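Contents: one structure, followed by commentary.
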Amino acid sequence: MRGALSGLTTRGRCLLAAGIAAALCSVVLNERDLLRVAVFVVALPLIVCLITAVARVGLHAERHINPARVPVGGRAEVALTVRSTGRLPTGGLLISDGVPYALGGKPRFVIEHLPRHTGTQLRYAVQPMLRGIQQLGPLKATITDPFGLAEFERELARTSRLVVVPRVVPLSGVPGGSGLGSGDDGSIRLNAGHGEDDAIVRPYRQGDDLRKVHWRSTAKRDEMMVRVEESPWRGGTTVLLDHRVSGHRGTGARSSLEWAVSFAASICVHLHRYGQQIRLVTETGSVLVSDAGDGSHSDNAVLDALAALQPIHQREINCPADPGHGQELIAIIGAATPESVGQLIRYRTRGTRSLAVLLDTSAWGSAEGPEADPHGTATLLTAAGWGVTIARPDTPMAGVWGSVCRNSSKRGDSMIAGFGQ
C-alpha cells in the first residue's frame, strides 16, 4: 500500500489532507454529513491510486529499429509496440523514449485509452548527424488517472543499439597496379621469357643508388631504369587513418577527422568491391579490420569499426613497424610534423607503393599553436618516393580519389596534387 501511495500527485495529497481535516472537524462538530463527505474525499485518491498502480503492472512494450545501421545524414525509423496485459483498461498513458541529443529531440506520445490484451503502434524517425554507437532508451511510461490524483512511472523496455556509420561516397577507378603488393606496376615488369634478365625495374627517381641502374632496360627504353629489390609479395591494400586529436581541426560532423573517417570508409568499400584484400589500420599500427585473405570480412565490418572509432590524445604519429606490412599503403594524414612523417618513411621502401592524402587542416578551422605545413610535408614524402595529394574540405572526395589514382601511375619527382590553393 505504501508503494501505491507514493504515486500520489500534489493534487491527490492535498485532497487526502483535506479529507482527513474534514473528518476531524466532523468529529469535533458532531456533523455526520460532513463525515460522509470526508470519507468520500479520503477514499477517492486512495482508490484512484490503487487502480493506477495495478494498471501500471500490466504493461508490455517492444522497440524495433529499421535499419539498425544507418549512415550519417540517413534516416532510421523506430517502431514501438505497447500492449496492456492487465485486468483493467489503461488510460492517460504518456510514453517517452530516451533519444541522445545527437539524434534529435525526445519523442513523447499520449495514449488516451489502451484496451486489455490489445496493443498500439507508435513510430518516430531519427536522423543522426554524427557517427557513433548510439543507445536508444530506456522506454518509459507515465500513467495518470483522469483526475490527476496519481501518477506512476515504469520502464517498459531497455536500451537498443543504433550504429551510425560514416557516410560512404561513390568513387571510381583504382590506383594503377593496386593490390600488387611489393614492387612497382606490373606493366613494367620484365620477364626472362622475353630475352631480358629476370628483374623488376622502374624509372629512375632522384636519390636512387646509381649502382642499381639496369643498363639493358635503360638502353631499350631510352630512359634510365633501376632495379627494384624484390620483397616477399603480399597482395592487398592497407588504408591508414590518422585519428589524433592534435592532427585535426574543426568540431562535429564538419571536422577534418570526420572527413578523414568518411574518406577511409569510402576507399575501403570501393576497393573491397573490386575484390581487393583490405587492411584498415591507425597511425599507431593498430589493426581495425584485416581481410583474412578469403574476402571473408564484409563492408559492414569496416563501417562498424569506423563508427566506434574515437580520437586519441597523442601528439605524434608513432608506428613501430611498417603499417602496410609490405602491401600498398594509402595513408590519410592530418596535421603532422616532419618527425611524425619520418616514422612512416622510415619503414617504407621505395619499391613499395606508398600514397598519402594530406589534409590541409587550416581550412577546417584554426587551432592554438603553430599549424603544420601540408606542402612541406608533401615535399618530404615525395622525396621519399610517395605519391601525395593535398585535400581541402571544399574539394569533393571523388576528386581527391581521382588525384590519388593519377599519382599512383605518375613517374618522376613531381607527384604532388593539391586542391583549392
Side-chain angles (χ1 to χ4, degrees), residues 1-65 77-101 103-126 135-160:
M1 187 64 181
R2 180 178 297 181
L5 291 177
S6 64
L8 283 174
T9 63
T10 302
R11 180 185 299 177
R13 294 177 188 274
C14 291
L15 189 62
L16 182 62
I20 295 175
L24 293 175
C25 291
S26 69
V27 173
V28 174
L29 300 175
N30 194 23
E31 289 286 344
R32 293 187 176 182
D33 292 337
L34 181 59
L35 181 59
R36 295 188 185 97
V37 173
V39 171
F40 174 76
V41 172
V42 171
L44 180 61
L46 296 179
I47 295 173
V48 168
C49 194
L50 182 62
I51 294 175
T52 307
V54 173
R56 176 189 62 163
V57 177
L59 288 176
H60 177 73
E62 296 178 349
R63 182 194 300 107
H64 299 282
I65 305 175
E77 187 176 74
V78 182
L80 305 174
T81 303
V82 183
R83 295 187 178 90
S84 174
T85 59
R87 296 182 178 181
L88 299 174
T90 304
L93 195 63
L94 174 64
I95 302 293
S96 62
D97 203 5
V99 175
Y101 175 77
L103 298 181
K106 187 176 183 179
R108 296 175 182 269
F109 305 92
V110 176
I111 301 177
E112 296 293 342
H113 180 70
L114 189 64
R116 290 182 54 194
H117 304 296
T118 58
T120 183
Q121 287 278 346
L122 305 173
R123 297 180 183 274
Y124 67 92
V126 293
Q135 299 292 337
L136 297 180
L139 179 66
K140 295 182 178 181
T142 303
I143 304 171
T144 60
D145 67 283
F147 304 103
L149 302 179
E151 181 179 278
F152 290 92
E153 186 176 81
R154 181 187 171 187
E155 182 178 310
L156 300 182
R158 297 184 178 181
T159 58
S160 301

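Predicted model only: the values in this text are computed from it and were never measured. Residue indices begin at 1 and follow the sequence shown.
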Determine which pairs satisfy side-chain hydrogen bond (donor to acceptor under 3.5 Å, both in side chains) with at least one residue from residues 28-40, sequence neighbours left out, and list them in order. D33-R36
Here's a test for you: under side chain to side chain donor-acceptor pair (under 3.5 Å), which of R63, Q121, E62 qualifies with T81? Q121
Compare all side-chain heavy atoms of C49 with those of F152 and state whether any distance is below 4.5 angstrom. yes
L80 side, atom CG; I65 side, atom CD1 - distance, nearest 0.5 Å: 9.5 Å
If the condition is side-chain contact (heavy atoms from CB on, under 4.5 Å), which residues does V41 pass it with, not counting sequence neighbours? L15, V37
Evaluate the side-chain contact (heavy atoms from CB on, under 4.5 Å) criterion for residues L8 and V48: first the C-alpha distance (whole Å), next the side-chain angles of each, then the deciding distance (0.1 Å), finally the verdict. CA-CA 9 Å; L8 283 174; V48 168; over 6 Å; no
When rounded to the nearest 0.5 Å, the distance separating CD of E153 from NZ of K140 is 5.0 Å
Please name the pair of heavy atoms, one in A61 and one in L156, separated by the smallest distance, quoted to 0.1 Å. CB-CB, 3.6 Å
Flag, side chain of R158 to backbone of L139, donor-acceptor distance under 3.5 Å: no
Once rounded to the nearest 0.5 Å, what's the spacing between atom OG1 of T52 and atom CG of D145? 4.5 Å
Can you measure from CG (L149) to CZ (R13) and round to the nearest 0.5 angstrom? 12.0 Å
Could you tell me which non-hydrogen atom of G19 sits nearest to which non-hydrogen atom of A38, and how far apart they are? O-CB, 3.4 Å
When every non-hydrogen atom of G104 is compared with those of V99, the smallest separation belongs to O-CG1, 4.1 Å
Between I143 and R154, does the side-chain contact (heavy atoms from CB on, under 4.5 Å) criterion hold? Intermediate values first, please. CA-CA 8 Å; I143 304 171; R154 181 187 171 187; 5.6 Å; no
Side chains of V110 and I95, heavy atoms from C-beta outward: is any pair under 4.5 Å? no
Working to the nearest 0.5 Å, report the span between CD of E151 and OG1 of T142. 5.5 Å
Side chains of L114 and V82: does their closest heavy-atom pair fall under 4.5 Å? yes
I need the T144 OG1 to R11 CZ distance, nearest 0.5 Å. 10.0 Å
For R123, which residues count as a side chain to side chain donor-acceptor pair (under 3.5 Å) partner, sequence neighbours excluded? E77
Test item: T9 side-chain N/O and G148 main-chain N/O as donor-acceptor pair under 3.5 Å: yes
Y124 side chain near D97 side chain, heavy-atom distance below 4.5 Å: yes
